[in-house]
Amino acid sequence: MRDNGFKMVFVLTVIGVIAATALAIVNSMTKEKIEYQYRLELLKALKVVLPEYDNSPDKDIKKIRDKTVFVAKKGGKVVGYAVKSVSEKGYGGSIVVLVGVNTSGKISGIEILKHAETPGLGSKIEEEWFKDEFKGLTLKDKIAVKKDGGVIDQFSGATISPRAVSEAAKNGLEFIVKNVLEGSK
C-alpha cells in the first residue's frame, strides 16, 4: 500500500515536470511572435487615434507615473499624444480605451483595445459612429452620455458600456492635458 502511494506521487511529479517543460518550450517559441502581434495591434490603434505622424510612437514614449504616453511626431515636431485609459465600469468588466489627443488638447480619436461587453448590444462601442463622437472634444465639453447630461449618445438598452467608454476617454484626455500639455509649460 505504501509503495503504491510513493509510485503515484512519483508519476504525478514526472507528469508535472514534463508538462511544465513543454509549456516553457512553447512559451519561448511563441513569445516573439506574440509580442510582434501585440505591437502590430498597438500600431494599428495608434494610427487611428493620432494625427498623421512619421515616427514610431510605440517606441517614442514618456513614462509618467504608472502610465505610458505615446508621442506622435511629424518632421520632428510633436503632433499628438496617446494613452491607454481603463474604466472598470463596463457591463462585462473593464474596458481599455486608447485615447489620442492633439497638441491643442482635443481628442483626435479613441480606439477600444479590450472589452467583454455583450455582443450586439454593449459591443456597439466598437462602431465607428460611436467612436467618432469623441473627436474634437476638450475638457470643457461634458464627456458623458446624454442620459447623464453629456454630449455622447448612448445605445437603447445599453447605457453602461458607453458610460464606461466616456469615463475612460475623459480620464485619458485629462491625464494628457494635465501631465503632458500643461506639464510642459
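Residues Ile61 and Val71 form no side-chain contact, since every pair of their non-hydrogen atoms from C-beta on lies 4.5 Å or further apart. When side chains are defined from C-beta on, Lys170 counts as touching Glu174, because their heavy atoms get closer than 4.5 Å. Looking only at side-chain heavy atoms (C-beta outward), Leu113 and Lys84 come within less than 4.5 Å of each other. Considering only heavy atoms from C-beta on, His115 comes within 4.5 Å of Glu126 through its side chain. Side-chain contact between Ile95 and Ile125: present, with at least one pair of heavy atoms (C-beta onward) separated by less than 4.5 Å. The shortest distance between side-chain heavy atoms of Tyr53 and Lys47 falls below 4.5 Å. In this structure the side chain of Asp60 reaches within 4.5 angstrom of the side chain of Lys73, judged on heavy atoms. The shortest side-chain heavy-atom distance between Phe134 and Val165 falls under the 4.5 Å cut-off.
Shown here for Val83 and Gly172, the closest heavy-atom pair between the two residues is CG1-O, 3.7 Å. Nearest heavy atom pair, residue Lys146 against residue Val151, reads CE-O, 3.8 Å. Of all heavy-atom pairs between Ala164 and Ser87, the closest is O-CB, 3.2 Å. Closest of all the heavy-atom pairs between Leu50 and Ala72 is CD1-CB, 3.6 Å. The shortest non-hydrogen separation linking Ala168 to Val99 is O-CG2, 4.0 Å. For the residue pair Ile64 and Val69, the shortest heavy atom distance occurs at CD1-CG2, 4.1 Å.
Taking a cutoff of 4.0 Å between a charged side-chain nitrogen and a carboxylate oxygen, Arg163 and Asp148 qualify as a salt bridge. Salt bridge Glu128/Lys131: present, at least one basic N to carboxylate O contact under 4.0 Å.
Lys135 NZ to Asn102 CG: the interatomic distance, rounded to the nearest 0.5 Å, is 12.0 Å. Taken from NZ in Lys147 to OG1 in Thr159, the straight-line distance is 4.0 Å, to the nearest 0.5 Å. With rounding to the nearest 0.5 angstrom, the CD atom of Glu35 is 12.0 Å from the CG atom of Leu40. In this structure, CD in Gln154 is found 12.0 Å from CD1 in Ile160, a value given to the nearest 0.5 Å. Within the model, atoms OH of Tyr38 and CG of Leu43 stand 15.0 Å from one another, a figure rounded to the nearest 0.5 Å. Of the inter-residue distances, the one linking Thr138 atom OG1 with Ile143 atom CD1 reads 7.0 Å to the nearest 0.5 angstrom.
By the neighbour-count criterion of 12 heavy atoms within 6.0 Å, atom OH of Tyr91 is sparsely surrounded, having that number or fewer from other residues, nucleotides or ligands.
In this model, a donor atom of one side chain and an acceptor atom of the other lie less than 3.5 Å apart for Ser161 and Glu117. In this structure, a donor-acceptor pair under 3.5 Å is absent between the side chains of Ser56 and Asp58.
When the side chains of ILVMFWY residues are joined at heavy-atom separations under 4.5 Å, either directly or via intervening members, Val86 and Leu46 end up in a single hydrophobic cluster. Clustering ILVMFWY residues whenever any of their side-chain heavy atoms sit less than 4.5 angstrom apart, transitively, puts Ile176 in a cluster other than the one holding Val49.
Relative to the six-membered ring of Phe175, Lys67 meets both conditions, a distance below 6.0 Å and an angle of at most 45° to the axis.
Proximity of the aromatic rings of Phe155 and Trp129 is defined here by a centroid distance below 6.0 angstrom, and this criterion is met.
Met29 belongs to a hydrophobic cluster with Ile25, counting contacts under 4.5 Å between side-chain heavy atoms of Ile, Leu, Val, Met, Phe, Trp and Tyr, direct or through other members.
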